[in-house]
Amino acid sequence: MNTECKITEQMLDALREELRGTMSEKRYRHTVEVERMAARLGALYAPDRLPILRAAALLHDITKEFSLQTQLQILQKFGIMTYYRDEISPKTLHARTAALLIPEQYPAFADPDVIEAVRWHTTGREGMTICEKLVYLADYIDLSRIFPDCVELREMFWGADPASMDEREREAHLRTVLVSSFDRTILALLEEGAPVSPETMLARNELVEQIHRSTR
Ligand code: DGI
Ligand code: FE
Ligand code: FE
């Protein structure tokens, strides 16, 4: 009764090749860079979860290039009500639709930890698992990103030399960098006049609270 799915190197290689034909070159390049960054972060924070992290990274944006109409159709097909607010935050939908499609389209990778990391990679959420945090951050700071916030956050994370830190410092460093990522996303959304998802606010507030607690 082994319900745990074992993700092998060959499976990841085959998935990477399969995905190449399903998205634009730019999105594919981002996808493989997120896989690399997730593996680097995983080596520091969750060395026993590398296959999960790499699979989630490869699958995280499989629906990113689908139209709003297709995103809404997928949600409806899975019996999920959609609201006007989904239509005015269209960029948050692909994380939900990708997570929904994994079990039928990529059943060999339908591990709950893979699916949840994909599900929360855009907004984050309160109580993020280590895999969710690492895929979220890898997506933000992968080497293909040249947007100033991304470059600064990448420098903030790696410039502090997290490999040289003890475990406690390294955990604190991850929290600080994650808060900065949420702050940047929230600020950008405010500047655009876009809605900020409650999950993003809850994710940020929880980490801020943890930082306060740990420095008391
Ligand atoms: O799919 P990627 O481009 O690789 O990255 P992503 O999944 O983090 O999506 C980033 C986009 O999603 C960015 O344009 C901002 C938007 N976004 C992130 N959080 C929120 C959000 N949009 C809204 N409306 N609300 C959010 O909380
Ligand atoms: Fe995404
Ligand atoms: Fe992405």
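Ligands are counted one by one from 1 in listed order, and the atoms in each one are counted from 1 as well. This structure is a prediction, so every number in the text was calculated from the model and none was measured.
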Colleague: Which other residues belong to the hydrophobic cluster containing L100, where Ile, Leu, Val, Met, Phe, Trp and Tyr are joined when side-chain heavy atoms lie under 4.5 Å apart, directly or via other members?
Modeller: F66, L68, L72, I74, L75, F78, I80, L93, L101
Colleague: N/O of H60 under 3.5 Å from N/O of ligand 1, yes or no?
Modeller: no
Colleague: Using heavy-atom distances, let me know which of T122, V34, L189 sits nearest atom 15 (C) of ligand 1.
Modeller: L189
Colleague: What protein N/O/S atoms are found closer than 2.8 Å to the Fe ion (ligand 3)?
Modeller: H30 NE2, H60 NE2, D61 OD2, D139 OD1
Colleague: Out of A194, P90, S144, P195, whose heavy atom sits nearest atom 24 (N) of ligand 1?
Modeller: P195
Colleague: According to the interplanar angle, ranging from 0 to 90°, do the rings of H121 and H94 count as parallel (below 30°), tilted (30 to 60°) or perpendicular (above 60°)?
Modeller: perpendicular
Colleague: Using a strict cut-off of less than 4.0 Å between a Lys/Arg side-chain nitrogen and an Asp/Glu carboxylate oxygen, indicate whether R54 and E9 qualify as a salt bridge.
Modeller: yes
Colleague: Just to confirm my output: which protein heavy-atom neighbour is closest to atom 6 (P) of ligand 1, and how far is it?
Modeller: D139 OD2, 3.5 Å
Colleague: Can a cation-pi geometry be assigned to R96 and W120, taking NZ or CZ under 6.0 Å from the six-membered ring centre and within 45° of the ring axis?
Modeller: no
Colleague: Looking only at distances, can you tell me whether any N or O atom of K64, backbone or side chain, sits closer than 3.5 Å to an N or O atom of ligand 1?
Modeller: yes
Colleague: Under 4.0 Å between a Lys/Arg side-chain N and an Asp/Glu carboxylate O for E17 and R20?
Modeller: yes
Colleague: Looking at F147, does the NZ or CZ of R145 lie under 6.0 angstrom from its six-membered ring centre and within 45 degrees of the ring axis?
Modeller: no
Colleague: So, E209 and R204, do they make that salt bridge, N to O below 4.0 Å?
Modeller: no
Colleague: Between ligand 1 and T123, is the shortest N or O to N or O distance under 3.5 Å?
Modeller: no
Colleague: Any carboxylate oxygen within less than 4.0 angstrom of a Lys/Arg side-chain nitrogen, looking at E33 and R36?
Modeller: yes
